[in-house]
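Step one of this worksheet: look at the structure below.
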Amino acid sequence: SGNTTERVGGHVQNLGGAVYAAATSSVLMKDSEFDSNRVVDADADGVISAGGAATLLCQQDDCQLSAVNVGFIDNTVSGVDTGGGALVTAGGQLSLINAGFSGNRASGGRGGALLALPGKLSARHLSFQNNEAAAGAHLALSGVEVTQWQWSLIGPAAAGSGTSCELSSTSLTGSTSANLFESACD
């Protein structure tokens, strides 16, 4: 909790306020809470890659990224063309189970809570509330194949935010059930 990563000249890329992991096989975050972590002045120069709490990157297609029983609260990324106020993922297969995202912010970017870049996503028992970004206040998915989305709540976004979800080149190939959308995903 309370970690800060700041840019000192140049660009901040591939950083997380508390965790940065680049893997070829697997990464597991389990039974953890990320609270009030920040990446400040993250001018990514067109490459969105700084997560306010965590950045998880797969360097091979069969790599597994897993977050189980985790909470992301009041994390922030700020700067030009940034995203993932709480979490940024890219590549491989991402599994989110029992994860909560509340009060996270991507100032000047998208994906106030979650920014997922090309890869696969399986999600069960997620909740999103009061996250903030210019686009995709709760989540921004780009080039993602969603293989499962079940038992999740998309609650209200923070006042002044753009859309709750930003979906670009994203496909749903698996099951969905028992989801509640209080805020529409466009």
Side-chain angles (χ1 to χ4, degrees), residues 1-8 11-23 27-44 47-58 65-90 94-117 119 121 123 125-142 144 152-166 183 185:
S1 292
N3 297 296
T4 301
T5 300
E6 294 189 55
R7 176 178 73 153
V8 180
H11 303 290
V12 172
Q13 292 184 326
N14 299 327
L15 293 176
V19 173
Y20 170 78
V27 173
L28 171 63
M29 289 191 311
K30 186 174 180 182
D31 301 327
S32 303
E33 183 173 283
F34 297 89
D35 187 356
S36 302
N37 297 288
R38 300 181 303 150
V39 174
V40 179
D41 197 19
D43 179 357
V47 180
I48 299 176
S49 56
T55 298
L56 305 177
L57 306 175
C58 270
L65 301 173
S66 301
V68 181
N69 301 329
V70 294
F72 295 92
I73 304 160
D74 297 327
N75 298 287
T76 304
V77 61
S78 64
V80 177
D81 197 22
T82 61
L87 177 62
V88 170
T89 67
L94 171 63
S95 176
L96 295 173
I97 302 170
N98 298 331
F101 298 86
S102 179
N104 300 289
R105 187 171 66 241
S107 300
R110 58 193 181 127
L114 170 65
L115 173 62
L117 299 171
L121 169 64
H125 301 278
L126 306 185
S127 67
F128 296 89
Q129 292 200 86
N130 299 316
N131 297 294
E132 180 181 344
H138 294 315
L139 62 115
L141 307 178
S142 180
V144 174
S152 296
L153 166 67
I154 303 291
S161 289
T163 61
S164 291
C165 307
E166 180 188 67
S183 299
C185 283

(message) Here's a test for you: under side chain to side chain contact (heavy atoms under 4.5 Å, CB included), which of Leu65, Leu96, Asn75, Val19 qualifies with Leu87?
(response) Leu96
(message) How long is the straight-line distance from CG of Leu153 back to CZ of Phe101, given to the nearest 0.5 Å?
(response) 12.5 Å
(request) Taking side chain to side chain contact (heavy atoms under 4.5 Å, CB included) as the test, write out the residues that go with Ala23, two or more places apart. (result) Val27, Cys63
Can you give the donor-acceptor pairs under 3.5 Å from side chains of residues 135-142 to other protein atoms, not counting sequence neighbours?
unit_1	atom_1	unit_2	atom_2	d
His138	ND1	Asn131	ND2	3.1
His138	NE2	Gly155	O	2.7

(request) Hey, could you give me the OG/CG distance between Ser66 and Leu94, rounded to the nearest 0.5 Å? (result) 7.5 Å
(request) Kindly indicate, with the supporting measurements, whether the criterion side-chain contact (heavy atoms from CB on, under 4.5 Å) is fulfilled by Val39 and Thr55. (result) CA-CA 11 Å; Val39 174; Thr55 298; over 6 Å; no
(request) Could you walk me through whether Leu115 and Val77 pass the side-chain contact (heavy atoms from CB on, under 4.5 Å) test, one step at a time? (result) CA-CA 11 Å; Leu115 173 62; Val77 61; over 6 Å; no
(request) Over all heavy atoms of both residues, which pair between Gly84 and Ala106 is shortest? Give the atoms and the distance, please. (result) N-CB, 4.2 Å
(message) Are the side chains of His125 and Ser152 in contact, using a 4.5 Å heavy-atom criterion?
(response) no
(request) Could you tell me the separation between the CG atom of Leu56 and the OG1 atom of Thr89, rounded to the nearest 0.5 Å? (result) 7.0 Å
(message) To the closest 0.5 Å, what do you measure between SG (Cys165) and CZ (Phe128)?
(response) 7.5 Å
(message) So which atom in Leu117 and which in Arg110 form the shortest heavy-atom distance, rounded to 0.1 Å?
(response) CD2-NH2, 4.1 Å
(message) Give me the atom names and distance for the closest heavy-atom approach of Gly112 to Ala133.
(response) N-CB, 3.5 Å
(request) Please round to the nearest 0.5 Å and tell me the distance separating atom CD1 of Ile73 and atom CG of Asn130. (result) 12.0 Å
